[in-house]
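Single-structure report; data block below.
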Amino acid sequence: DMGYQYQYVRVEFGGGAFFGNQSAEHRKVIDQYAADGWRYVGWVPVTFTSHGGVESADLVFEKPAEQAE
């Protein structure tokens, strides 16, 4: 089992709505990490608005430990 290294990148969604948000920040981050050999594996909500929307989240990336720098 070679194992994996994980990278967590915080993104802010401003209005608290992850889906339908006009900001493309998360797409840029995913594209940047993919270009460096990281694979996007999911997201974890971190902070919420008073209405229950997601305000910020960690995007999670992985790559085999032997490839990580």
Side-chain angles (χ1 to χ4, degrees):
D1 186 15
M2 73 176 127
Y4 287 88
Q5 178 177 357
Y6 292 90
Q7 186 83 314
Y8 306 92
V9 181
R10 180 73 41 92
V11 292
E12 307 289 333
F13 299 115
F18 181 86
F19 299 104
N21 189 342
Q22 297 303 310
S23 171
E25 178 188 2
H26 60 286
R27 293 179 182 172
K28 292 176 190 173
V29 172
I30 291 169
D31 289 344
Q32 289 170 349
Y33 276 80
D36 287 335
W38 293 91
R39 184 172 79 100
Y40 171 72
V41 295
W43 65 287
V44 179
V46 177
T47 60
F48 300 88
T49 67
S50 60
H51 301 289
V54 177
E55 191 171 62
S56 70
D58 283 347
L59 302 182
V60 184
F61 299 87
E62 71 176 9
K63 70 165 61 170
E66 64 186 23
Q67 293 178 11
E69 297 175 27

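Quick note: numbers below take in every heavy atom, side chains included, and nothing from hydrogens, waters or symmetry partners. One-based numbering along the sequence shown. Quantities reported herein were computed from a predicted structural model and do not represent experimental measurements.
- In this structure, Gln32 has no side chain to side chain contact (heavy atoms under 4.5 Å, CB included) partners at least two apart in sequence or on a different chain.
- A distance-only check finds a donor-acceptor pair linking the side chain of Lys63 to the backbone of Asp36 [under 3.5 Å].
- For Tyr8, the side-chain hydrogen bond (donor to acceptor under 3.5 Å, both in side chains) criterion is met by no residue, not counting sequence neighbours.
- The shortest non-hydrogen separation linking Tyr4 to Pro64 is CD2-N, 3.6 Å.
- One finds the OH atom of Tyr6 at 10.0 Å from the CH2 atom of Trp38 (value rounded to the nearest 0.5 Å).
- For the pair Tyr40/Val29, no side-chain contact is recorded, criterion being any heavy-atom separation below 4.5 Å from C-beta on.
- The two residues Pro45 and Ala57 have their closest heavy-atom pair at CA-CB, 4.0 Å.
- Scored by the side chain to side chain contact (heavy atoms under 4.5 Å, CB included) test, Ser56 finds Arg10, Glu12, Val46, Thr47 as partners (sequence neighbours excluded).
- Val41 meets the side chain to side chain contact (heavy atoms under 4.5 Å, CB included) test with Arg39, Val60, Glu62; sequence neighbours excluded.
- Residues that satisfy the side-chain hydrogen bond (donor to acceptor under 3.5 Å, both in side chains) test with Asp31, not counting sequence neighbours, are absent from this structure.
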